[in-house]
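To start, the structure itself, in structure tokens.
A, B, ... follow the sequence lines: proteins, then strands. Residue 1 opens every chain.
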Amino acid sequence: MIDPTSIPMYKPEEIERKWQARWAADGLYQPDRDPDKTKHYALTMLPYPSGDLHIGHWYAMTPPDARARFKRMQGYNVFFPIGFDAFGLPAENAAIKHKIHPREWTYANIDHMRGQLKSMGNSFDWRAEIISADPKYYRWTQWFFTQFYKNNLAYQKFSPVDFCPSCNTTLAREQVHGEDRHCERCGTPVIRKDLKQWFFRTSKYAEELLNFDGLDWPEMIKTLQRKWIGKSRGASVIFKTEAGDPIEVFTTRPDTLWGVTYMALSPEHPLVEKITTSAQADQVRAYQEQAKRQSDIQRESVTREKTGVFTGGYAINPVSGEHIPIWVADYVLMSYGTGAIMAVPAHDQRDFEFARQFDLPIKVVIHPNRKDMVFPEEMTEAVEAHGSMVNSGPLTGTPEEESFDAASRYIEAIGVGKSTTNYRLHDWLISRQRYWGAPIPIVYCPHCGAVPVPDYQLPVLLPDDVEWLPTGESPLKLHPTWRYTTCPMCGEPAERETDTMDTFMDSSWYHLRYLSPDYDQGPFDPVQYSFWMPVDTYTGGSEHATMHLIYTRFFHKAARDCGITKGDEPMLQLRNQGMVLGEDGEKMSKSRGNVIDPDDLVVRYGADTVRAYIIFFSRWEIGGPWSSTGIEGNSRWLRRVWHMLLEPAYGTPDQEILRALRRKTHQTLRRVTYDFENFEFNTIVSSLMELLNEMGRAKNAGAFGSAEWNETVDLYLRMLAPVCPHIAEELWERLEKPYSIHYQQWPEVDEEAARDEMITLIVQVNGKLRDRIIVEPGVSDEEAERLALASENVMQALEGRPIRKVIVVPGRLVNVVG
RNA sequence: GCCGAAGUGGCGGAAUAGGCAGACGCGCACGACUCAAAAUCGUGUACCCUCGGGUAUGUGGGUUCGAUUCCCACCUUCGGCACCA
């Protein structure tokens with residue numbers, strides 16, 4: 001008899017350190033690029049090196065790691081890389097605040113975080129690590145820019161852009177959030193500036209970006225992207241002023257064209273000045289000034305009441321010939337459509353409110369079906385429903401179903417407009433007036449214009465000696481020498497572009513650089529590209545739905561059209577994790593003091609326990625509050641596993657116990673396999689806990705050491721390995737099984753063993769549980785019915801009522817209706 | 001305002017195709033071990049109750065033999081959008 005005290009203690013800190021070193025030395029997680037194996041590219045969104053890994057990183061990365069390990073055991077050739085999204089504002093803000101160079105700050109953070117990442121025991125292939133702030137990386141970010149420029153997918157434009165006065169830089173439309181239009185990074189409301197900036201032609205891909213065929217992405221993300229792209233079918237119509245100037249408008253309701261009673265231009269519209277009569281000039285100019293300031297002011301004080309001023313000018317309705325007043329109103333946005341609208345108060349709520357505000361006429365031209373005719377003076381709101389056309393000249397009487405097409409055809413026929421589709425999606429503004437980013441590789445030559453830096457001159461290196469003053473100008477512009485260069489075309493003195501690129505540029509193609517991080521003939525090795533792309537599984541937060549996830553799709557398509565990439569989509573399957581909240585159920589933040597530090601947890605419990613709890617405590621896509629007592633349960637579980645497997649016990653089990661153990665083992669395997677496949681991580685740990693409980697019962701009944709016990713132990717460790725890789729490897733070795741468990745075959749379910757020998761049929765009377773009967777799985781419906789009706793409880797519950805009907809669900813229940 | 005997700009014991013959560021609601025864990029209670037405590041192990045743990053049963057998955061309806069699951073309306077929480085013509 002072995003003395004139980006001779007069983008070693010479970011010491012996670014020792015075994016975790018030991019195995020992490022061994023795995024790294026053996027290059028265990030480097031894919032072998034064996035062409036006979038099916039490849040699996042598992043990608044997790046790369047972290048920003050903010051300084052410390054937090055529990056959210058664990059939550060984002062551990063379940064996908066477990067799944068990558070599961071795939072590896074299934075025989076896939078798995079590539080699971082990691083890197084750092086290393087350019088960005090925090091580094092520069094730290095430089096301003098603490099007088100430390102952004103590069104120094106960033107790389108120190110990376111060194112620290114690399115160690116933290118390794119402590120998780122993830123199966124990252126560290127050979128593939130990329131750092132987007134590395135010249136050998138951003139050389140190719142810049143190269144992509146020049147390729148896009150040469151293919152007319154990048155262009156420069158002078159336009160009103162969103163500018164964050166606190167971050168001192170322009171922002172892309174996607175980076176401006178909320179009703180008060182604040183900066184997504186610092187929360188400061190943005191202001192409008194007129195600047196010459198670089199854009200990518202994202203809007204050219206609007207239609208293609210709406211196509212998600214073949215993509216296994218969450219519906220929510222697809223919906224958010226569709227809404228963001230904002231496709232509307234309609235018509236563009238040219239109105240003319242009395243002076244003959246054309247004003248183009250976009251409308252989704254060409255069928256209401258006869259109901260136009262005024263036009264409205266955005267305050268920024270270029271035609272405003274020309275149209276305004278001298279009598280109205282002062283008022284209009286004042287209104288424009290006020291509108292311009294409006295974006296400077298916090299919007300809280302702004303009422304929803306419609307405002308505007310009459311220009312004094314008139315336009316002519318191209319279908320009716322009516323003369324209608326032209327107004328300026330800030331509810332018309334310069335950034336959507338043409339910045340001018342035809343207003344139909346009767347059938348558009350906004351126009352209705354405006355018309356009521358300024359006593360403009362309301363003309364009903366749509367008669368909604370199944371409703372009484374409405375009269376303008378009785379209306380309390382616009383009638384936006386479709387219907388048959390009335391008071392509409394030659395189209396009067398057109399029924400609802402034909403009105404849109406008939407009106408579209410009509411305006412085309414008389415040559416005043418055409419059917420068009422409009423998108424909300426803007427071109428991507430990529431210029432940033434900041435230092436810590438990849439310089440835009442453009443040289444301005446007085447003779448040759450904007451010249452892209454040729455490939456052999458890339459990268460355009462960021463200089464180190466720069467002053468980081470938050471002036472609103474690019475720090476590179478203030479550098480004494482850097483901007484002065486010679487034109488790559490003519491060799492004459494020229495100047496560099498001093499803006500840097502949006503960091504979303506860097507993260508739009510990092511998944512390609514992972515494939516061959518040292519390749520210097522291009523952004524990636526085409527051989528590796530055709531082996532690994534596209535990404536099979538992409539995981540990360542859903543907050544990137546309308547930013548990174550649109551950019552990277554656009555980037556892939558743009559690169560495809562430049563002949564660089566193949567295929568239409570970069571990532572086939574997308575899954576989003578939820579968020580870990582503090583113990584108080586609130587978002588974790590330093591100010592709330594509810595932040596959970598993963599390093600402390602690793603010291604206290606070991607990485608395997610933290611991994612197990614992370615996976616166990618909530619549905620991964622939902623997230624939820626952390627519990628510092630909850631994690632104790634997972635710590636206990638692993639200690640129980642340790643003792644269950646190592647501590648011997650003696651006895652003579654009966655056959656039924658052993659059969660039950662095998663049954664539970666293979667049923668667990670079936671469930672765990674299903675759950676890994678479907679990202680249902682929490683029930684994997686539950687199932688393994690249940691199986692351990694069953695093992696405890698079997699062990700007490702003397703099953704230890706039997707063939708069935710040994711099989712269960714073997715399968716248990718294989719199933720545990722993806723979740724808790726260290727303890728699984730350690731126990732695997734202690735049981736003298738071949739290194740490494742992480743390359744063992746994922747087991748097959750023995751369906752015969754997993755089959756229930758007897759099942760419990762539920763017996764209901766009128767849907768209420770009255771009895772349970774134990775039967776063989778293949779029992780016939782007739783037999784099940786006979787057994788159910790023989791039940792005393794059933795007779796009692798029927799209280800003498802006749803049986804009207806008996807429903808038998810094979811293998812489940814019998815419901816007696818009486 | 002519009003769009004989306006969610007709402008289940010004291011808590012986190014489970015229920016894979018409409019069929020035993022509450023798996024698994026936390027917490028709690030009791031017991032064993034201990035001088036004692038911790039740790040560990042075992043048992044119990046939705047609510048009400050006249051101990052036969054009754055009531056329960058945000059609220060109210062509906063479909064069904066049967067609804068946490070499907071449909072309609074509403075409430076609450078969270079996330080997204082913000083006059084998009």
Side-chain angles (χ1 to χ4, degrees), chain A residues 177-181 218-224 226-228 230-232 234 249-253 256 264 266 299 304 306 329-333 335-344 347-351 353-354 422-425 542-543 545-546 578-579 581 583 585 587 612-613 616-619 621-634 636-637 639-640 643 670-671 674-675 677-678 680 682-693 696 700 760-769 771-772 796-797 804-809 811-818:
Chain A
H177 291 207
E179 194 169 1
D180 62 347
R181 300 183 42 76
E219 280 306 319
M220 188 190 66
I221 300 289
K222 291 194 278 188
T223 303
L224 284 173
R226 279 192 200 103
K227 291 212 74 162
W228 189 263
K231 176 179 182 172
S232 356
V249 300
F250 173 75
T251 178
T252 54
R253 294 294 301 273
T256 63
S266 160
R299 293 285 180 105
R304 284 273 151 165
K306 296 272 181 295
D330 68 0
Y331 80 93
V332 182
L333 309 173
S335 55
Y336 183 79
T338 59
I341 61 158
M342 56 176 237
V344 187
H347 305 294
D348 181 284
Q349 185 59 23
R350 295 156 301 182
D351 299 344
E353 285 165 18
F354 192 85
N422 208 11
Y423 300 91
R424 208 185 80 117
L425 186 73
S542 57
E543 68 273 17
T546 56
M579 204 191 293
L581 305 173
E583 294 207 65
K587 209 168 169 169
Y613 182 65
F616 175 73
F617 87 96
S618 82
R619 259 165 73 187
E621 70 273 27
I622 305 284
W626 183 266
S627 161
S628 51
T629 49
I631 192 173
E632 296 280 352
N634 293 82
R636 262 174 235 163
W637 170 52
R639 277 202 301 277
R640 286 181 62 216
H643 288 104
R670 184 160 58 198
R671 164 109 207 203
Y674 178 90
D675 286 347
E677 205 57 71
N678 294 286
E680 292 177 19
N682 54 341
T683 44
I684 291 169
V685 174
S686 306
S687 303
L688 290 174
M689 286 173 165
E690 274 188 65
L691 177 54
L692 191 73
N693 292 342
N700 285 339
T760 307
L761 275 191
I762 299 313
V763 182
Q764 298 180 331
V765 176
N766 296 332
K768 284 203 169 73
L769 175 70
D771 205 355
R772 296 184 169 88
Q796 224 168 57
R804 287 197 285 135
K805 202 171 171 187
V806 178
I807 289 145
V808 179
V809 183
R812 294 245 187 217
L813 59 70
V814 181
N815 189 14
V816 182
V817 186

* **Base-pairing mate for B:U16 - Watson-Crick or G-U, with both contacts under 3.5 Å** => none

* For B:G7, give its Watson-Crick or G-U wobble partner with both distances under 3.5 Å, or none. => B:C75

* A:Asn693 side-chain proximity, nearest of B:A85, B:G19, B:C24 -> B:C24

* Asked: For the side chain of A:Met689, counting heavy atoms from C-beta on, which of B:U40, B:C24, B:A85 is nearest?
  -> B:C24

* **Rounded distance (nearest 0.5 Å) linking atom CD1 of A:Ile341 with atom CG of A:Asp351** => 4.5 Å

Touch class at under 4.0 angstrom, heavy-atom based, for [X] against every strand present:
| X | result |
| --- | --- |
| A:Ile341 | base |
| A:Arg772 | base |
| A:Arg671 | base |

* **Base B:C2 paired with A:Lys227 side chain (donor-acceptor, <3.5 Å)** => no

* **A:Tyr674 side chain near B:U16 phosphate (N/O to OP1/OP2, under 4.0 Å)** => no

* Are A:Glu353 and A:Arg350 ion-paired here, with the side-chain N under 4.0 Å from a carboxylate O? -> no

* **A:Arg226 CZ: over 12 foreign heavy atoms closer than 6.0 Å** => yes

* Whole-Å gap separating P (B:G12) and CD1 (A:Ile622) -> 13 Å

* To do: Please tell me which of A:Asn766 and A:Tyr336 maps to the more 5' nucleotide of RNA chain B, matching each residue to the nucleotide holding its nearest heavy atom.
  => A:Asn766

